[in-house]
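Following: one structure in structure tokens, then a few remarks.
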Amino acid sequence: MVAQRARRLLLAALTAFALLPHPAPAAAQTSPPPPAAADAVLRNTLAAFARIPNLTPQELEYGRSALKNLDYNAQRAARRFSLLPGASFAQSRPLLADLAQHRLSFEQLLAFEEWSQLNGATMQQAAEALPALRAVSREGLKTFRACISMNGMSAALALQLLPQLNAISDDSSLAVRRLFAVRGMEVRQGLDSVGAVRNFNKKQSWAFAAFAGIRDMNPATALASLPLFGSLRNEDAWNMQFFLKEKKPDRNTAWTWLARYFAQPMPVQEAQYYNMSGLNRSALLDSLYRAGEELVWRINNLHAVTNDYGVEYSQGQLRAMGAGQLHDLFSKLSEKTRARYGGQFAAAQKAGQGRMISVLRQATTADRSQVAEDLTSANIYALLSLGSELYDSSFRDILAPILKKRISRTHRDNLLVFLQATDPGNLLVSNFIVSLAQKGKLTDFFPTDAAEQQRILELVAASAFKDEDSILLFSATFRYLLTVLEPSARHFLIQKMVAADSGRGSFSKLITVILQYYLQEYQDLLSPQSTALIQQLLARNGAVDLRRYLVTPFAQWKADGQLGSLSIFHPDDDGRSSFVSNAQTLSRNGYRLALAEQYTFASGDAERRHFEAVIAKAAKSGGFSALFEAMRREPFTAAFVKQVNGITIRHAVHVYGDEESQQRVMRRFLQGGDEMFAQRGHSYWRSEQITDPIRQLLESQQISERDMAARQRFLSLGSCGGVKVYTKLTRLFLGHVDLLATIGTGMAAVNDPYNLHFFEIIAGNPSGMSWEDLARKTSFIFSAGRGQDYLQPGCLTSILHKILDEDMKRQGITPKQDADDLW
């Protein structure tokens with residue numbers, strides 16, 4: 001009866017599962033054991049086989065011969081089914097033949113071994129289990145192993161579950177197996193809840209998986225949380241996932257945060273935040289800051305209509321869609337935006353497709369502001385503290401005005417009151433203030449009273465001068481802050497900076513270099529009192545020879561008579577426009593088009609000739625948009641080539657294809673002789689284009705740290721950026737890199753001419769020129785304030801990173817690399 005009831009529960013819970021074909025991916029096999037160990041494995045397997053009842057000598061010899069030819073995984077599987085109830089020689093023969101003919105991955109073996117220990121498992125059922133396990137995806141196998149760990153699971157019931165597992169999405173699969181894996185979960189409880197979990201969207205699934213995975217989670221709490229997770233807004237689900245991963249609370253604490261904060265409407269969250277203890281506010285604020293990627297993405301990118309992966313639909317793609325598809329896009333907007341524009345969109349359907357697209361774009365633009373309005377003040381404060389990760393329009397026109405209104409309404413229009421209430425631990429004050437200064441919004445928030453200004457700067461100092469990383473962030477926008485402060489407030493901040501100097505280690509050297517640099521380069525921002533204070537600091541600590549950090553690698557680069565770059569463009573509208581503008585710039589300046597052999601993966605001569613013909617046609621017609629489309633579809637890369645002063649300059653241009661092809665391209669770059677890598681397009685593709693493939697290549701040992709450090713390379717980041725990105729990429733390249741990057745918005749008007757003239761200046765000038773010399777020769781690109789947010793090689797930020805990297809290497813310290821934050 002128990003088995004029948006469990007079977008009915010299973011069938012009821014999984015009725016809606018579609019049986020989709022989903023062949024299991026090839027899984028990594030275990031390495032063969034050494035000979036002595038292999039002999040021991042075979043002896044153990046033969047001993048298990050010999051325990052099959054009523055074996056004759058001939059049958060035993062048959063088994064010995066068959067088992068000798070099986071690999072390690074298969075022998076372990078044979079050992080398990082030989083010991084199952086109902087075992088017989090007749091049933092073992094087809095099983096041995098199956099194992100000889102079809103390889104069993106290690107993941108499939110583990111699942112089989114765990115299944116074989118379930119109540120009721122027999123050798124006859126093993127004949128069903130082995131082929132069924134091979135047909136299950138890797139994610140499905142993980143879910144299966146979690147499922148069979150539940151109390152009350154039987155071998156027969158588990159076999160009925162197997163065919164259904166490939167129909168579960170990866171996101172739901174993660175949440176389902178975390179539910180099944182909760183200690184003490186009963187089969188009835190788990191299977192009854194599958195439907196609720198499968199109804200979660202992606203963000204809800206991730207958040208529930210983090211919750212169910214808490215170390216002391218129990219079935220009652222996990223099951224009680226299901227309705228709350230099903231009601232979470234995407235923003236709250238995303239933020240809670242980060243909170244759970246960062247803070248690792250116990251079950252009761254996590255439940256309290258879910259029920260009393262994350263599952264509550266925004267107005268309740270706002271009130272709850274300011275009723276928390278200072279410790280809890282700081283813990284939540286830190287998580288909101290670290291979780292900012294998703295919301296920055298949404299607020300930055302909602303001006304464009306995109307697919308589920310954030311790739312923008314072109315106008316042509318939108319026109320090719322039917323009314324139903326456009327309606328599906330509209331349905332992805334927030335509920336409030338749909339209500340606001342629903343009438344217009346319905347009317348547009350009668351007016352035609354063009355009108356539908358127009359209203360859809362208006363609504364997606366409005367949704368940027370709606371997303372921000374639906375955030376708590378603490379969340380907006382955390383996002384503004386990210387500063388340069390936000391587009392100017394997101395920062396200046398959306399988030400800053402909303403927060404200003406709330407400070408006026410609920411904090412007596414007093415920034416100091418707001419900061420003390422919102423950030424009691426001074427976690428983000430420095431980032432917030434310098435971001436406001438950088439974006440030209442500080443005067444909107446900053447008090448005019450000198451005493452209050454100094455109290456806020458006290459908080460800035462406490463936030464900015466904590467460690468090396470915090471002062472690196474602060475230094476990049478220090479000039480913006482000094483520019484907008486009153487002279488007395490400037491001197492006060494410099495006093496705090498000098499007072500923070502401990503006189504020891506890298507931190508002291510960074511403070512010394514920052515103030516030395518401003519004394520040399522921006523003395524007009526310093527009062528006589530500040531100048532005297534800095535001079536005293538330099539007399540005490542000693543000035544640093546900054547010229548050491550302006551040395552270039554140009555002599556090494558030109559030794560082979562070539563200079564090479566690789567530019568990566570994403571396959572969306574933004575990538576297309578960047579590609580075309582870059583190609584036009586190079587073409588107008590005498591570069592000829594050719595096939596980039598190093599980054600092209602042709603299957604043979606015929607395909608190579610085809611690629612060359614496509615490039616020749618584009619070169620003749622100037623059809624760079626068509627070339628972009630061809631490169632988006634096929635695995636080839638073009639190059640713009642020119643001779644300058646006897647040096648061959650080659651700019652390879654590549655359109656991102658997929659994860660695997662990008663790894664191949666990045667491996668060719670890192671193990672080849674090219675000097676410059678240029679990432680073009682939106683900043684949120686940086687992980688796909690640079691950081692993810694490098695980490696994956698290192699992890700799979702296709703490249704080594706020796707490859708990363710083989711030469712000093714140059715990164716040109718055409719996308720929006722920030723100092724955190726600058727720091728993380730510097731560390732990813734082990735310090736062997738110089739960068740052109742922006743702490744604001746990337747501009748094609750800067751990126752195109754800089755990348756063009758960068759190599760031409762190097763080719764046409766002595767190899768001993770410094771980064772400072774190069775900055776003077778490229779200054780025309782940045783004239784009239786254009787690109788003032790760009791950090792050029794040899795700037796203060798570059799010098800500070802080189803100093804810190806030098807000190808860390810001398811001390812044998814490996815910089816902390818937060819892989820999840822390389823976005």
Side-chain angles (χ1 to χ4, degrees), residues 174-175 178-179 181-183 200 202-218 220-222 224-226 228-229 231-264 266 268-296 375-386 389 419 421-432 462-463 466-467 469-470 473 724 728 816-823:
L174 173 64
R178 288 286 178 84
L179 173 70
V182 171
R183 189 187 302 273
F200 291 164
K202 181 181 297 187
K203 301 295 192 305
Q204 292 166 344
S205 293
W206 292 350
F208 176 76
F211 183 78
I214 289 173
R215 59 185 180 277
D216 63 340
M217 183 55 61
N218 63 23
T221 305
S225 73
L226 293 176
L228 296 179
F229 278 99
S231 68
L232 286 183
R233 298 181 308 153
N234 280 342
E235 295 84 357
D236 293 317
W238 180 262
N239 287 336
M240 184 173 188
Q241 176 202 5
F242 264 79
F243 179 82
L244 295 174
K245 288 182 177 179
E246 289 287 331
K247 306 309 173 187
K248 296 179 172 54
D250 60 22
R251 179 187 75 248
N252 290 331
T253 303
W255 170 261
T256 300
W257 277 98
L258 171 64
R260 296 187 182 179
Y261 184 79
F262 289 106
Q264 296 294 333
M266 191 277 282
V268 176
Q269 290 181 349
E270 186 86 356
Q272 289 283 56
Y273 183 85
Y274 292 106
N275 287 328
M276 294 177 188
S277 67
L279 190 64
N280 281 341
R281 271 177 281 167
S282 292
L284 178 57
L285 186 63
D286 179 57
S287 295
L288 296 176
Y289 179 73
R290 293 175 182 274
E293 172 187 1
E294 173 72 12
L295 292 176
V296 165
L375 299 176
T376 63
S377 299
N379 209 341
I380 294 176
Y381 169 73
L383 294 182
L384 288 171
S385 298
L386 290 166
E389 314 296 348
L419 292 174
T422 305
D423 191 357
N426 293 331
L427 294 176
L428 306 178
V429 175
S430 171
N431 292 356
F432 177 70
S463 177
K466 292 182 297 189
D467 54 32
D469 282 352
S470 65
L473 283 169
K724 287 199 306 178
K728 293 175 188 303
K816 180 183 178 184
Q817 182 66 273
D818 183 357
D820 291 334
D821 204 20
L822 280 165
W823 48 277

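Heavy-atom minimum distance, Ser385 versus Phe432: OG-CB, 3.5 Å. Annotation for Ala237 and Leu232: closest pair CA-CD1, 3.9 Å, computed over non-hydrogen atoms. Nearest heavy atoms, Leu244 versus Ala207: CD1-O, 4.0 Å. Between Leu179 and Ala212 the shortest heavy-atom distance is N-CB, 4.3 Å.
Here the side chain of Thr422 pairs no donor or acceptor atom with the backbone of Ala378 at under 3.5 angstrom. Arg281 places a side-chain N or O within donor-acceptor distance of the main-chain N or O of Ala421, the cut-off being under 3.5 Å. Side-chain N or O atoms of Asp216 include one that pairs as donor or acceptor with a backbone N or O of Arg251 at under 3.5 Å. Remark: side-chain polar atoms of Gln264 are not paired, donor with acceptor, to backbone N or O of Gln269 under 3.5 angstrom. No donor-acceptor pair closer than 3.5 Å links the side chain of Ser430 to the backbone N or O of Ser463. Listed for the Ser282 side chain is no donor-acceptor partner under 3.5 Å among the backbone atoms of Leu279. Proximity of a side-chain donor or acceptor of Thr253 to a complementary backbone N or O of Pro249 within less than 3.5 Å is not detected. Checked by atom type and distance alone, the side chain of Gln241 never pairs as donor or acceptor with a backbone atom of Lys203 at under 3.5 Å.
Side-chain contact check for Leu226 versus Phe200: some heavy-atom pair is nearer than 4.5 Å.
Thr376 and Asn379 share no donor-acceptor pair across their side chains, judged by distance under 3.5 Å alone.
Using cut-offs of 30° and 60° on the angle between ring planes, the pair Phe208 and Phe229 is perpendicular.
Residues forming a salt bridge (charged side-chain N to carboxylate O under 4.0 Å, His left out) with Lys247 (at least two apart in sequence, or on another chain): Asp286. Evaluation of the side chain to side chain donor-acceptor pair (under 3.5 Å) rule for Asp423 yields Tyr381 as partners, not counting sequence neighbours. Qualifying side chain to side chain donor-acceptor pair (under 3.5 Å) partners for Lys248, counting only residues two or more places apart in sequence or in other chains: none.
Rounding to the nearest 0.5 Å gives a distance of 9.5 Å between CE of Met217 and CH2 of Trp255. Between the CH2 atom of Trp206 and the CD atom of Glu294 there is a distance of 7.5 Å, given to the nearest 0.5 Å. Of the inter-residue distances, the one linking Trp257 atom CH2 with Gln272 atom CD reads 9.5 Å to the nearest 0.5 angstrom.
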